[in-house]
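Heads up: the structure comes next, in structure tokens.
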Amino acid sequence: MIEKNLKNFNIAQICNSGQCFRMTQISENTYSIIANDKYLELTQVENVCTFSCNEEELENFWKQYFDLDTDYMVYINQINPKDTYLISAAELGAGIRILQQDLWEMIVSFLISQQNNIVRIRRCIQNICEKYGERKVNFKGEIYYAFPKPEALAGLDEDALKECNLGYRSKYVVRTAGCFANGQTSLQQISQMNYPEAREELLKLFGVGEKVADCICLFALHHLQAFPIDTHIKQALEKHYKKGFPKRRYRGFEGVLQQYIFYYELVKG
DNA sequence: CGCCAGGGGAGCT
DNA sequence: AGCTCCCCTGGC
């Protein structure tokens, strides 16, 4: 157990910000998080966060996962004071972090996300993990499942994942898994590319369009200039930024602001 | 039962 | 860039 005093960190907001699908509230102040093959429980009371792992794992994994070394006030303080909408959004979601999640897991998660709602996306991913992921035991002796590697999904019948509730998205996942399993595309290479290169490479994948590519760039590769535009963001931009969102002003961290807007619309809307 | 929406995308023009 | 159509599940 490690205790940390964290500013601009709110696990509840992170959990509900729609960027991660394997994070669950398990009691009033405690959340469970499964990432890669790791299981964590995090309890937050005010600014005090208690991590269930040891110091080494916190330093080597979760610190990067939660982006703990970044001061998000640096982003928030650059918001135009006259932009009352964005100021309000950032104020409400000030505890959000842009997570650095597993690339393959994000590719699959956002392939599934299209024409889908968050509750179902979570269930789809849970189903896939239970059926094809490695079975693990957490520190409490409970069973959880790691996210299956591409190799575990490649070669399946293209409709096999309909059993996991993916519907017509099944073939997107199976075919994409094949591309990585047979070496046609490389997760390692994509993770080393800059934003435009990575985006272009991701767009080649079957089932990946601009919105999904940007979500992957933002939530896995930590390219903060990615600005995913889904139906909700589109509506918000049309309403509050008739002349267009001032991307130039916020060059390099547009994605952080996108998350504040997304969360604001999710909570308020 | 029909209808439609839920964090788009492919395949056209 | 803009337009169809695609196509799965759950809620009403």
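Quick note on labels: first sequence line is chain A, next is B, and so on, each numbered from 1. These values consider heavy atoms only, across backbone and side chains, with no hydrogens, waters or symmetry-generated copies.
- For F206(A), counting side-chain heavy atoms from C-beta on, the closest listed nucleotide (dC7(C), dA10(B), dG9(B)) is dA10(B).
- Regarding Q114(A), its CD atom lies at a distance of 12 Å from the P atom of dC7(C), rounded to whole Å.
- Look at OH on Y168(A): it is 10 Å from P on dG9(B), rounded to the nearest Å.
- A close approach under 4.0 Å does occur between a side-chain nitrogen or oxygen of R123(A) and OP1 or OP2 of dG10(C).
- Side-chain atoms of K162(A) lie closest to dC8(C) of the nucleotides dG8(B), dC8(C), dG10(C).
- Side-chain atoms of W104(A) and T176(A), non-hydrogen and from C-beta on, do get closer than 4.5 Å to each other.
- As judged by a 4.0 angstrom heavy-atom cut-off over every strand, I233(A) is placed among residues making no nucleic acid contact.
- At the phosphate of dG10(C), neither OP1 nor OP2 sits under 4.0 Å from any side-chain N or O atom of N116(A).
- Without hydrogens or angle criteria, N127(A) side chain to C164(A) main chain gives a donor-acceptor distance under 3.5 Å.
- No contact: L161(A) has no heavy atom under 4.0 Å from any strand.
- Across every strand in view, dC12(B) sits in a pair with dG2(C) that passes the Watson-Crick or G-U test at under 3.5 angstrom.
- Comparing dC8(C), dG6(B), dG9(B) against the side chain of K211(A) picks out dG9(B) as the nearest.
- Taking the charged nitrogens against the carboxylate oxygens, K63(A) and D69(A) do have a contact shorter than 4.0 Å, which makes a salt bridge.
- Between N165(A) atom CG and dC7(C) atom C1' the separation is 14 Å, expressed in whole Å.
- The NE2-C1' distance, from H232(A) to dG6(B), rounds to 8 Å in whole Å.
- Here dA10(B) presents its P atom at 11 Å from NZ of K171(A), a figure rounded to the nearest Å.
- Nucleic acid contact class of Y172(A) (heavy atoms, under 4.0 Å, all strands): none.
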Between K136(A) and K38(A), is the side-chain contact (heavy atoms from CB on, under 4.5 Å) condition met? List the steps. CA-CA 9 Å; K136(A) 312 278 263 183; K38(A) 294 179 172 56; over 6 Å; no
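- As judged by a 4.0 angstrom heavy-atom cut-off over every strand, Q19(A) is placed among the base-contacting residues.
- Between C215(A) and L203(A), the residue anchored closer to the 5' end of DNA chain B is C215(A), taking for each the nucleotide with the nearest heavy atom.
- For T231(A) and dG8(B), the shortest distance from a side-chain N or O to OP1 or OP2 is below 4.0 Å.
- Judged by distance alone, with hydrogens and angles left aside, the side-chain atoms of Y144(A) form a donor-acceptor pair with the main-chain N or O of D37(A) at under 3.5 Å.
- When heavy atoms are screened at a 4.0 angstrom cut-off, N117(A) is found touching the sugar-phosphate backbone but no base atom.
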